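The structure presented is a predicted model; accordingly, all values stated were derived computationally and were not measured.
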Amino acid sequence: MANQELNEQEIGRRNSMQALRDRGIEPYPAKEFPVTGYSKEIKENFKDDEEPKREVSVAGRIMSRRIMGKASFLELQDSEGRIQVYVSRDDICPGEDKDFYNVVFKKLLDIGDFIGVKGYVFRTQMGEISIHAQEITVLSKSLRPLPIVKLKDGKAYDAFSDPEQRYRQRYVDLIVNPGIKEIFLKRTKMFNSMREYFNSHGYVEVETPILQSIPGGAAARPFITHHNALDIPLYLRIADELYLKRLIVGGFEGVYEFSKNFRNEGMDRTHNPEFTCMEIYVAYKDYNWMMDFTEKMLEKICMDVNGTTEVQIGDNLISFKAPYPRVTMAQAILDKTGFDINGKSEDELRDFCKKNGIEVDESFGKGKLIDEIFGEKCEGSYIQPTFIIDYPIEMSPLTKRHRNNQELTERFELMVNGKELANAYSELNDPIDQYERFVEQMKLADKGDDEAMIIDGDFIRALEYGMPPTSGMGIGMDRLAMLMTGQSAIQEVLLFPQMRPEKKQENGEDTADDNAAE
């Protein structure tokens, strides 16, 4: 900041800041300002015939002003919305000294400044519910001008709409773009609704390690760091599954966690390297029960967040009303491609991929080849919530074998709007089978698959003590937030999405790298 080259407006605001101090007005006062009302609530509860007029004390940011001689109007934005404030010179300066109005209010305050207003509520001749100011307090001076949108002939100018700027400066985005804050309030409602659903069933929220000696619970490339005191490599969590199942072994009947996970993979409109996942594990249940549980949960969440079970996302009206269709993985691929994966060898699967323009690596085993086929040819076509069930065993190293077909597993993924939203199993609790599956994963790692799972000896030991039949489910909370708020990009539901660092220009101004937001 010390070396930053200031523009004319920024210099002017700093001069105003000093001028306030010269008049004995601290632009960043330390003492409390008592707030007794908020814009939305004030408007909703206003009564024209109320006497005496309701006195309120409000605080917020100046968003617009109309200076008109001895009287002025300003628009104040607080945490609930905006409200008009009427300012009369003689009301806020009742004595002979009119300096506060003529100089401080008219010349030294700017759009973006925080002020406190004490006054009473009334309706103007134009019919707008407003606050008649009796006292104004400077609370915080804004040293940068806001990108205020100007409307002319129905067109918006100077809009703060560039995604690159919006994601980097979310604080400005929240100030000037109506509706952005509502997205994140809905996200909070979504978490609260899900937590309430789990708690009502008696399940326990827990915490598990983020730094792990073995990255387990998912097929993904981890971030690696180093612990100096222990002198060992550690991995940022890619999933919390194996720790939560240890708790089921230990005697918890139902546990869940909202976890920050990290995967060192690509970024796009539905992927961020840091993301939030919820995983839940319930003893004595299977994946059939979990499908019923999941669809009822999502129906409840949608109602709690939006007041309806339907959400509009682009051209798609999506209904979360239970129940949802259930389609086997093999049937889904057959329906969309005409190719039957049952009984096919790795070479036959790879040959199909090559003939159909599906890019695959030589390190891919049967499971990843099938996953690529489904991802390329099927996934995007499932718009309404649909459970894809009964995955081939090669795709699911932590899943119990299917009770009717040992080549399949009792697993489902929930597809919504063309993307996976949830992943769930009847959990594998046979320690010998689990160890053999880990060994098969290590063979894939030897072939060059950097997403293959590592053998977790302690988890095998835990299973050897005995884990009851269990069903587990993980759901991507950021993707769920996209669905519940009708957004098409994950960056829109993350307050601070991952970005490339800004470059520094010679004049000290920050500028974004090209393609910083993928």
Side-chain angles (χ1 to χ4, degrees), residues 16-17 19-21 23-142 146 148 151 174-176 178-182 185 188-189 307:
S16 295
M17 176 183 66
L20 287 171
R21 287 193 169 120
R23 283 170 168 76
I25 299 173
E26 172 53 48
Y28 306 103
K31 77 173 191 176
E32 173 193 6
F33 183 84
V35 174
T36 63
Y38 295 88
S39 57
K40 182 180 178 183
E41 172 269 321
I42 289 171
K43 293 176 182 178
E44 289 176 346
N45 293 325
F46 176 76
K47 297 181 177 64
D48 283 296
D49 57 355
E50 185 175 24
E51 291 293 343
K53 300 292 187 184
R54 178 186 173 185
E55 294 186 355
V56 293
S57 177
V58 299
R61 190 187 295 270
I62 300 172
M63 296 304 292
S64 67
R65 293 196 305 171
R66 285 179 287 145
I67 305 295
M68 304 178 299
K70 296 181 181 181
S72 302
F73 287 93
L74 64 84
E75 189 175 37
L76 196 72
Q77 179 169 289
D78 63 14
S79 61
E80 291 188 354
R82 298 185 182 187
I83 192 166
Q84 181 172 267
V85 177
Y86 170 72
V87 183
S88 168
R89 184 193 67 178
D90 294 334
D91 284 328
I92 65 170
C93 302
E96 293 297 322
D97 184 0
K98 308 299 182 182
D99 183 74
F100 185 88
Y101 181 83
N102 292 331
V103 179
V104 174
F105 177 77
K106 293 175 69 173
K107 297 179 181 179
L108 301 184
L109 291 184
D110 294 289
I111 291 175
D113 290 354
F114 278 90
I115 61 171
V117 176
K118 293 182 180 180
Y120 61 86
V121 187
F122 76 111
R123 189 188 297 275
T124 67
Q125 291 181 348
M126 299 300 293
E128 184 166 353
I129 298 169
S130 306
I131 298 172
H132 188 131
Q134 303 294 113
E135 182 182 328
I136 291 178
T137 303
V138 179
L139 298 178
S140 182
K141 184 69 185 167
S142 172
L146 289 172
I148 300 299
L151 296 175
L174 289 164
I175 294 168
V176 303
I180 299 300
K181 186 177 181 181
E182 183 63 25
L185 292 177
T188 297
K189 286 182 182 179

Distance from R82 atom CZ to E75 atom CD, nearest 0.5 Å?
4.5 Å
Tell me every residue that passes salt bridge (charged side-chain N to carboxylate O under 4.0 Å, His left out) with R66, counting only those two or more places apart in sequence or in another chain.
none
Which residues share a salt bridge (charged side-chain N to carboxylate O under 4.0 Å, His left out) with K181, sequence neighbours left out:
none
Can you check whether I175 reaches M63 side chain to side chain, under 4.5 Å on heavy atoms?
yes
Take a 6.0 Å sphere around CD of E50 and say whether it holds more than 12 heavy atoms from other residues, nucleotides or ligands.
yes
Check the surroundings of atom NZ in K53: do more than 12 heavy atoms from other residues, nucleotides or ligands lie under 6.0 Å from it?
yes
I need the minimum non-hydrogen distance between A59 and L139, along with the two atoms involved.
CB-CD1, 3.9 Å
Specify the closest pair of heavy atoms between S16 and K107, including all atoms of both residues, with the distance to one decimal.
OG-O, 4.1 Å
Euclidean distance, Q77 CD relative to S64 OG, rounded to 0.5 Å:
10.0 Å
Is there a side-chain contact between Y101 and D90 in this structure, where contact means two heavy atoms from C-beta onward sitting under 4.5 Å apart?
no
Using atom types as modelled and distance alone, determine if a side-chain donor or acceptor of S39 lies under 3.5 Å from a backbone N or O of I83.
no
Side chains of F100 and E135: does their closest heavy-atom pair fall under 4.5 Å?
no
Return the SG to CD1 distance between C93 and I136, rounded to the nearest 0.5 Å.
8.5 Å
Can you check whether P52 reaches Y120 side chain to side chain, under 4.5 Å on heavy atoms?
no
Distance-minimising heavy-atom pair for L108 and K141
O-NZ, 2.6 Å
Test salt bridge (charged side-chain N to carboxylate O under 4.0 Å, His left out) applied to E80 - qualifying residues, sequence neighbours left out:
none
For F46, all residues meeting ring pair (Phe, Tyr, Trp, His ring centres under 6.0 Å), sequence neighbours excluded:
none
Distance, nearest 0.5 Å, that separates CG of N45 from NZ of K47
6.0 Å
Sequence neighbours excluded, which residues qualify as salt bridge (charged side-chain N to carboxylate O under 4.0 Å, His left out) partners of R54?
E41
Taking every non-hydrogen atom, the tightest pair across V85 and A133
CG1-CB, 3.9 Å
Using every non-hydrogen atom in the two residues, find where G37 and I42 come nearest and quote the distance to one decimal.
C-CD1, 4.0 Å
Is R65 paired with D110 through a side-chain N to carboxylate O contact shorter than 4.0 Å?
no
Which residues pass the ring pair (Phe, Tyr, Trp, His ring centres under 6.0 Å) test with Y86, sequence neighbours left out?
F73, H132
Whether S140 side chain and F114 backbone form a donor-acceptor pair below 3.5 Å:
no
Start with the C-alpha distance between I62 and I115, add both sets of side-chain angles, then the distance that settles side-chain contact (heavy atoms from CB on, under 4.5 Å), and finish with yes or no.
CA-CA 7 Å; I62 300 172; I115 61 171; 4.0 Å; yes
Taking atom CE of M126 as the centre, does the number of heavy atoms from other residues, nucleotides or ligands within less than 6.0 Å exceed 12?
no
Distance (rounded to the nearest 0.5 Å) between S72 OG and I67 CD1:
3.5 Å
State plainly whether the residues R123 and E128 are in salt-bridge range, i.e. N to O under 4.0 Å.
no
State, with a plain yes or no, whether a side-chain heavy atom of L109 is found less than 4.5 Å away from one of V138.
yes
Reported OG-to-CZ distance for the pair S79 and R61, which is rounded to 0.5 angstrom:
12.5 Å
Are the side chain of D91 and the backbone N or O of Q134 linked by a donor-acceptor pair below 3.5 Å?
no
Within a 6.0 Å radius of atom CD on E51, are there more than 12 heavy atoms belonging to other residues, nucleotides or ligands?
yes
If you compare all heavy atoms of F105 against all heavy atoms of V87, which two are closest, and at what distance to 0.1 Å?
CZ-CG2, 3.9 Å
Within the 4.5 Å heavy-atom criterion, are Y28 and R21 side-chain neighbours or not?
yes
